[in-house]
Amino acid sequence: MTPQNRVSLDPANWDDFSTSAHQMLDDMIENMRTVRDRPIWQKMPDDIRAEFTAPLPENGADLSAVYEEFTEHILPYPMGTTHPRFWAWVIGSGLPVSVLAELLAATQNPNLGGGDHVANEVEKQVINWSKQMFGFPEGASGLLVSGGSMANFVALAVARHNKAPYDVREEGVQGQAVKMTFYASVEAHSSVPKALQLLGIGKAGLRLIPTNDQFEIDVAALEAQIIADKTAGYLPVCIIGGLGTVNTGAVDDLGALLKIAGKYDMWFHIDGAFGAMSVLAPQFEHLRDIVSQADSLAFDFHKWMYIPYEAGCTLIRDREQHSTTFSEHPAYLAHQPRGVGAGTDWFSDYGLQLSRGFKALKIWFAIKVHGLGDFRQSIQQNMDHATYLAQKVTAHPDLELAAPAPMNIVCFRFVAPGLSGTEQDDLNREILFRIQEAGIAVPSYTTLNGRFAIRVAHTNHRSTYEDFDLLLESVTDFAKVILAEKVAG
Ligand SMILES: *Cc1c(COP(=O)(O)O)cnc(C)c1O
């Protein structure tokens, strides 16, 4: 007699599963539709937080009971990224069509490490579209990754592998006589030093070049440092240009960096985590020509193309240089002539990950449904909003810009006469906390020239001009309340 299975993890009753699933879908659509009507963020009560310390369950519960827990304990306390007044760090606002694509992708559950199946073709198409967006040549390669941090890591690994004067994969960097050096501005994102630490270059091998008053890399200082390093016996291998720095959205003089990289036979990488998308909009279209000449480009779909997390991308100008950095073919991953193990181009040969999810589908859906045209318009609209906000700040007697706002980031502060620098910082930090805690808006913060600033980084396709009016009204209203409290003591 054939033995019977002890267990199946599929639903015992598919009809019940379907009923629950439809309920969830309807609820989530309603959630997206009504996001503006809810507070953007609220602090989780302690008893809710405590729910997440319950021990590991041995026995399962009904799907409907678990969903109820979700609606009570999880759904009401989001980060707020899908709300029209979320402008913190640089975080995209999500796209409804991609929510659906996530369901479809998880249903197929492919692994895009390799093999011969359609999901790989979808990712290849998304990579090819990315090459077209940024003018990269047909022979370029690319990889979808978790985000800009991993995109920078992959690109810098390719730079290191191809510029090292020895076989770095074989020999490593330990004990080598020649020390490679990398160059970026002091405004470079923290993922750059992180990547170089992991690549054995260390912070010691990263030269952080000062910036001018626009927060752009000082090109003369960069070249002087390269020359000094060569004289001192270092090997300068890579310049990292910022296209949209994280603090202020500054754009380094990419044309000048490209020239210097060419002159000293160095790799030219662009960190365009969010800012690369600006070249899709009329205002920054002129940069596309320079971007197209970089050796590598890191950018995020989950920032300024609004795709739900996670979705970053690396483009590498030379496919061969890319694959020779990462490919490994043990017997269990050998590419076969036929069957599911066929295919010459496996994504696992282009990065660190072997197992890879189908994040390509949510990007593919979004680009197909919206066309690039919708994105161009929305990105330009975001920049128009930022210009509007910066102008209102400048015109307001109690507000000041903390930095130029060339792209989609506006840093500003409330200025109260008679307060010291530290008191100003405390006031603005308190204003920010109150706006967030009141559930009105979520800007973030940074420090510029030693002073605290409220920072609006705008990659939100749901915001309107009125949302920015409300932000500034709230800033000035809370400032008055806080100053009055101070006087009252
Ligand atoms: C956000 C950002 C990164 C890191 O990207 P993640 O997607 O958060 O990993 C790198 N560089 C810049 C300029 C960024 O703004």
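We number each residue from 1, following the sequence as shown. Start at 1 and go down the list; that is how both ligands and their atoms are numbered.
- For the ligand labelled ligand 1, residue Met150 lies outside the 4.0 Å heavy-atom shell.
- Figure legend: Arg317 and Phe136 shown as a cation-pi pair, the cationic atom lying under 6.0 angstrom from the six-membered ring centre and within 45 degrees of its axis.
- For Glu310, the heavy-atom gap to ligand 1 stays at 4.0 angstrom or more.
- Within the listing of ligand 1, atoms 5 (O), 6 (P), 7 (O) sit less than 4.0 angstrom from a heavy atom of Asp300.
- Residue Ala273 approaches ligand 1 through these ligand atoms, each under 4.0 Å from one of its heavy atoms: 2 (C), 3 (C), 10 (C), 11 (N), 12 (C), 13 (C), 14 (C), 15 (O).
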Tell me, with the steps shown, if Tyr183 and Trp267 meet ring pair (Phe, Tyr, Trp, His ring centres under 6.0 Å).
CA-CA 10 Å; Tyr183 301 78; Trp267 189 275; over 10 Å; no

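- Short contacts between ligand 1 and Ser191, defined as distances under 4.0 Å to a heavy atom of the residue, involve ligand atoms 10 (C).
- Looking at Ser185, Pro404, Pro406 one by one, the single match for side chain to side chain contact (heavy atoms under 4.5 Å, CB included) with Phe215 turns out to be Pro404.
- With Arg38 contributing its side chain and Asn31 its backbone, the two residues share a donor-acceptor pair below 3.5 Å.
- Note: an N/O pair closer than 3.5 Å links His302 and ligand 1 by distance alone.
- Note on ligand 1: Gly244 sits in its first shell, one or more heavy atoms being nearer than 4.0 Å.
- For the pair Asn428 (side chain) and Ile454 (backbone), a donor-acceptor distance under 3.5 Å is absent.
- Within the structure, ligand 1 lacks Gly312 among the residues with a heavy atom less than 4.0 angstrom away.
- Across Lys303, Lys194, Glu187, heavy-atom proximity to atom 14 (C) of ligand 1 is greatest for Lys303.
- At a 4.0 Å heavy-atom cut-off, ligand 1 touches Ser149 through backbone and side chain alike.
- Considering backbone and side-chain N/O atoms, Gly148 comes within less than 3.5 Å of an N/O atom of ligand 1.
- By the criterion of a heavy-atom distance under 4.0 Å, the side chain of Phe274, and not its backbone, is placed next to ligand 1.
- Both the sub-6.0 Å distance and the 45° axial angle are not jointly satisfied by Arg455 relative to the ring of Phe412.
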